[in-house]
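Not measured: the values here are computed from a predicted model.
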Amino acid sequence: QHYETTDSGLQYRVIAEGEGPHPSATDIVLIDYTGRLEDGTVFDTSEGKQPVPLPVTGSIPGFAEGLQLMRKGGTYQLKIPSELAYGSQGAGGVIPPNADLEFDVTLIDFVPASALQGMGAPPPEM
């Protein structure tokens with residue numbers, strides 16, 4: 001199965017399509033994910049932990065874009081070029097400069113950020 005490429009250069013392929021609407025940039029998503037470097041090294045994963053709530057815009061640009069393509073219950077594979085990830089900076093001593101990243105992401109659920117503000121959670125940083 002081939003990858004689709006968006007205008008920004010993000011590549012994605014649908015492993016399993018979800019249903020319903022897509023999350024918007026202002027939503028909070030609940031995801032399971034595994035992030036890998038191109039050589040297959042896993043640098044971050046939610047496996048074995050609770051699913052992770054994340055503001056859509058609180059992630060790297062390619063990840064935020066990929067999330068908004070998805071539907072609830074869907075699993076996508078994202079290939080994020082360095083310029084939509086951490087660029088020449090790299091990250092956390094784990095992601096080298098100019099690294100392209102790959103993510104497997106399952107979108108479990110999402111809610112508008114406004115729904116969480118009523119629960120005493122701090123608003124996401126914009």
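Put simply, the side chain of Phe110 does not reach to within 4.5 Å of the side chain of Leu67, judged on heavy atoms. Between Pro96 and Leu37, some side-chain heavy-atom pair lies under the 4.5 Å cut-off.
Leu30 and Val56 end up in different hydrophobic clusters when Ile, Leu, Val, Met, Phe, Trp and Tyr side chains are linked at under 4.5 Å. When the side chains of ILVMFWY residues are joined at heavy-atom separations under 4.5 Å, either directly or via intervening members, Ile15 and Ile108 end up in two distinct hydrophobic clusters. No continuous path of ILVMFWY side-chain contacts below 4.5 Å connects Tyr86 to Val42, so the two sit in separate hydrophobic clusters. The same ILVMFWY cluster, assembled from side-chain heavy atoms under 4.5 Å apart, contains both Val14 and Val105. Put simply, Leu78 and Leu69 are part of the same group of oily side chains (I, L, V, M, F, W, Y) that touch within less than 4.5 Å, one to the next.
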Subject >> From CA spacing to verdict: side chain to side chain contact (heavy atoms under 4.5 Å, CB included), Lys79, Thr5 >> reply: CA-CA 9 Å; Lys79 279 185 160 178; Thr5 304; over 6 Å; no
**OP:** Kindly indicate, with the supporting measurements, whether the criterion ring pair (Phe, Tyr, Trp, His ring centres under 6.0 Å) is fulfilled by Tyr12 and Phe103.
**Re:** CA-CA 9 Å; Tyr12 71 96; Phe103 286 91; over 10 Å; no
**OP:** Before giving the answer on side chain to side chain contact (heavy atoms under 4.5 Å, CB included), spell out for Glu17 and Tyr76 the whole-Å C-alpha distance, their side-chain angles and the decisive distance to 0.1 Å.
**Re:** CA-CA 8 Å; Glu17 186 55 275; Tyr76 280 34; 3.1 Å; yes
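The main-chain N or O of Thr41 is found under 3.5 Å from a side-chain atom of Asp39 such that the two form a donor-acceptor pair. No side-chain donor-acceptor contact under 3.5 Å links Arg13 to the backbone of Gln77.
Minimum interatomic distance between Gly62 and Ile80 (heavy atoms only, all atoms of both residues): C-CD1, 3.7 Å. Across all non-hydrogen atoms, the minimal contact from Ser8 to Leu84 is OG-CD1, 3.4 Å. When all heavy atoms of Pro97 and Ser88 are compared, the closest pair comes out as CB-O, 3.3 Å. Contact detail for Leu107 and Met70: the closest heavy-atom pair is N-CE, 3.7 Å. In terms of heavy atoms, Ser82 sits closest to Asn98 at OG-CA, 3.1 Å. Closest approach of Pro61 and Ala85 over heavy atoms only: CD-O, 4.3 Å.
For the atom pair OG1 of Thr34 and CZ of Phe43, the computed distance is 9.5 Å after rounding to the nearest 0.5 Å. Separating the CG atom in Asp100 from the CD1 atom in Ile95 is a distance of 11.5 Å, to the nearest 0.5 Å. Between atom CD of residue Gln68 and atom OG1 of residue Thr6 there is a gap of 11.0 Å, rounded to the nearest 0.5 Å.
The side-chain contact (heavy atoms from CB on, under 4.5 Å) with Arg36 is formed by just one residue from the set Leu101, Asp104, Asp44; it is Asp104.
Every residue meeting the salt bridge (charged side-chain N to carboxylate O under 4.0 Å, His left out) condition with Lys72, not counting sequence neighbours, appears here in chain and number order: Asp109. Scanning for ring pair (Phe, Tyr, Trp, His ring centres under 6.0 Å) contacts around Tyr33 gives an empty result, with sequence neighbours left out.
For the residue pair Ser46/Asp32, the side-chain donor-acceptor check at 3.5 Å is satisfied.
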